[in-house]
Amino acid sequence: MHFQLTEEHLAVQEAAREFAQTELLPGVIERDSEAKFPKEQVKKMGELGFMGMMVDPAYNGGGMDTISYVLAMEELSKIDASASVCMSVNNSLVCWGLEKYGSKAQKEKYLKRLATGEVIGAFCLSEPEAGSDATSQRTEAQLNGDHYILNGTKNWITNGSSASIYLVIAQTDASKGHKGISVFIVEKDWDGFIVGKKEDKLGIRGSDTHSLMFTDVKVPVENRIGEEGFGFTFAMETLNGGRIGIAAQALGIAAGAYEFALAYSKERKAFGKPISQHQAIQFKLADMATTIEAARLLVYKAAWLKDQGEDYSHASAMAKLYASQVAMDVTIEAVQVHGGYGYVKEYHVERLMRDAKITQIYEGTSEIQKIVISRGILR
Ligand code: CAA
């Protein structure tokens, strides 16, 4: 066992850190305030190879490992969790499943463009009445000759309006329960596909979260991924990896808030000395640093297991469960270290505190992670 990052890992980390500082930091407060999608920044992320990091170079990807991906996620999330969730969804919920289970033709047609960030993808599982209870899909796809007719509504879709390619989970045979669920690649400009209202959110306000409506959308049979009935397994396996990305995002949010708090504590003086010289603040910094390091170990371990080809479903659930709690705890304390300044937008930590909350909700709530973990323990 060793805890050393390779030269390649360090280079990815450094590139992501520099990108976050030079391209994401300027304007992040305004984008949050105006709920503005970081379009130009995401375009540059694609040019730098952040949108398809783990995809095979044969499909225009970076051919990197999952450790590299979490390092980049962590650095970007320190500054802009709205940009990083776009990256996470594209990498681990869209490109990964398409590469692993898509046909050669699907990869040629869609993955090559997704991996470069030329187009962005979205993953459409949640519905108004199927959130945590993901087997209760109401969206249906009925076979009609050489195509399916897709009808239904999806909710809380990240990259909802900025995406061009959507992986849509739908019922193809309701009598079979979760074994009657399939997954389809749907293009935005197809007739009957409407991007619905944009959500006005507490955090990750730059990320565009929408509902989507499908009315008699014709989806060619060749756009189904895998066999009929494979959709639920596809969603679960994809989310196992997606949760590593969100765990890395939570880790980055926590680490970013900690770095802001540490720097501030050295500058701000009270009672004649920097507040970092007061034990009340020192203990906060010690707790933050310790829990962040523990979260980091869980996140890297889950990524490492995935790279080794081992089972990582429980490790990714543990990483997300713990890192998202750390993100909440640390960001709240970072605001506290800043005092009144922490409560205003200029100092960044109030945004990170708002951003942290979603990591306990999306890609499976903390309660769902506990179901996954306990099933792993008891099986
Ligand atoms: N990995 C692989 N397979 C899994 C799995 C996992 N983590 N969890 C369940 N499965 C498989 C089971 O083995 C079972 O397969 P078989 O029938 O072949 O044995 C099948 O899926 C059904 O499983 P269950 O009987 O356990 O189903 P359930 O209804 O009791 O519970 C659940 C399943 C784990 C609660 C699941 O519904 C779940 O994960 N829910 C949360 C959904 C979620 O994470 N949504 C996030 C939305 S996406 C998002 O947020 C993206 C974004 O935009 C940021």
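Numbering of ligands and ligand atoms starts at 1, following listing order. All heavy atoms count here, side chains included; hydrogens, waters and symmetry mates do not. Treat the numbers as computed from the prediction; the structure is a model and nothing was measured.
- Between Gly131 and ligand 1 there is a heavy-atom distance shorter than 4.0 Å.
- Atom 49 (C) of ligand 1 lies below 4.0 Å from at least one non-hydrogen atom of the protein.
- Counting protein heavy atoms only, atom 21 (O) of ligand 1 is closest to Phe232 CE2, 3.4 Å.
- By the criterion of a heavy-atom distance under 4.0 Å, both the backbone and the side chain of Ala134 are placed next to ligand 1.
- Under the side-chain contact (heavy atoms from CB on, under 4.5 Å) rule, Phe214 has a single partner from Leu150, Thr153, Ile149, Asn151, which is Leu150.
- With no hydrogens or angles considered, a side-chain donor-acceptor pair links Thr66 and Asp307 at under 3.5 Å.
- Distances from atom 31 (O) of ligand 1 to the heavy atoms of Arg375, Arg379, Lys320, Glu237 show the closest one on Arg375.
- Relative ring orientation between Tyr264 and Tyr341 is described as tilted, the plane-to-plane angle lying within the 30° to 60° band.
- Within a 4.0 Å radius of atom 53 (O) of ligand 1, the protein has at least one heavy atom.
- Residue contact check: Tyr362 has heavy atoms under 4.0 Å from atoms 50 (O), 54 (C) of ligand 1.
- At the top of the distance list for atom 10 (N) of ligand 1, counting protein heavy atoms only, stands Met236 CG, 3.8 Å.
- Of the heavy atoms in Leu239, only side-chain atoms (C-beta onward) come closer than 4.0 Å to ligand 1.
- The shortest heavy-atom contact between Met54 and Asn91 is N-OD1, 4.2 Å.
- Residue, atom and distance of the protein heavy atom nearest to atom 37 (O) of ligand 1 are Ser132 O, 3.3 Å.
- Atom numbering of ligand 1 starts at 1 in the shown order; those under 4.0 Å from a heavy atom of Ser126 are 47 (C).
- The environment of Lys198 atom NZ is dense: over 12 non-hydrogen atoms of other residues, nucleotides or ligands sit within 6.0 angstrom.
- Annotation for Ala163 and Lys188: closest pair O-NZ, 2.9 Å, computed over non-hydrogen atoms.
- For ligand 1, the atoms sitting less than 4.0 Å from at least one non-hydrogen atom of Lys179 are 16 (P), 17 (O), 18 (O), numbered in the order shown with element in parentheses.
- Residue Glu363 has at least one N or O atom closer than 3.5 Å to an N or O atom of ligand 1.
- The distance from ligand 1 to the heavy atoms of Thr158 drops below 4.0 Å at these ligand atoms: 52 (C), 53 (O), 54 (C).
- Of the candidates Phe123, Phe193, Tyr110, Tyr166 forms a ring pair (Phe, Tyr, Trp, His ring centres under 6.0 Å) with just one, namely Phe193.
- Of the possible donor and acceptor atoms, none in the side chain of Gln360 sits under 3.5 Å from a partner among the backbone N and O of Leu321.
- Ser77 and Ser84 share a side-chain donor-acceptor pair at under 3.5 Å.
- Checking atom 12 (C) of ligand 1 against the protein gives no heavy-atom contact under 4.0 Å.
- Close contacts between ligand 1 and Leu93 involve ligand atoms 51 (C) [criterion: under 4.0 Å to a heavy atom].
- Checked against the 6.0 Å centroid criterion, the rings of Tyr347 and Phe260 do not qualify as a close aromatic pair.
- Distance check on atom 19 (O) of ligand 1: every protein heavy atom falls at or beyond the 4.0 Å cut-off.
- Taking the six-membered ring where tryptophan is involved, the planes of Phe232 and His178 are tilted, since the angle between them lies from 30° to 60°.
- Side chains of Gln336 and Tyr343: a donor-acceptor N/O pair is absent below 3.5 angstrom, by distance only.
- Using a 4.0 Å cut-off between heavy atoms, Ile371 makes no contact with ligand 1 at all.
- For atom 3 (N) of ligand 1, the nearest protein heavy atom lies closer than 4.0 Å.
- Per-residue contacts place Asn240 under 4.0 angstrom from the following atoms of ligand 1 (heavy atoms of the residue considered): 1 (N), 2 (C), 6 (C), 7 (N).
- Note: an N/O pair closer than 3.5 Å links His178 and ligand 1 by distance alone.
- A donor and an acceptor atom, one from each side chain of Lys201 and Thr209, are located under 3.5 Å apart.
- The shortest separation from a heavy atom of Ile368 to ligand 1 is under 4.0 Å, placing the residue in contact.
- For Arg243, every heavy-atom contact with ligand 1 shorter than 4.0 Å involves the side chain, none the backbone.
- Residue Thr135 holds the heavy atom nearest to atom 29 (O) of ligand 1 of all those in Leu125, Ile361, Thr135.
- A single hydrophobic cluster is not seen to contain both Leu202 and Ile253; linkage of ILVMFWY side chains at heavy-atom distances under 4.5 Å, directly or through other members, places them apart.
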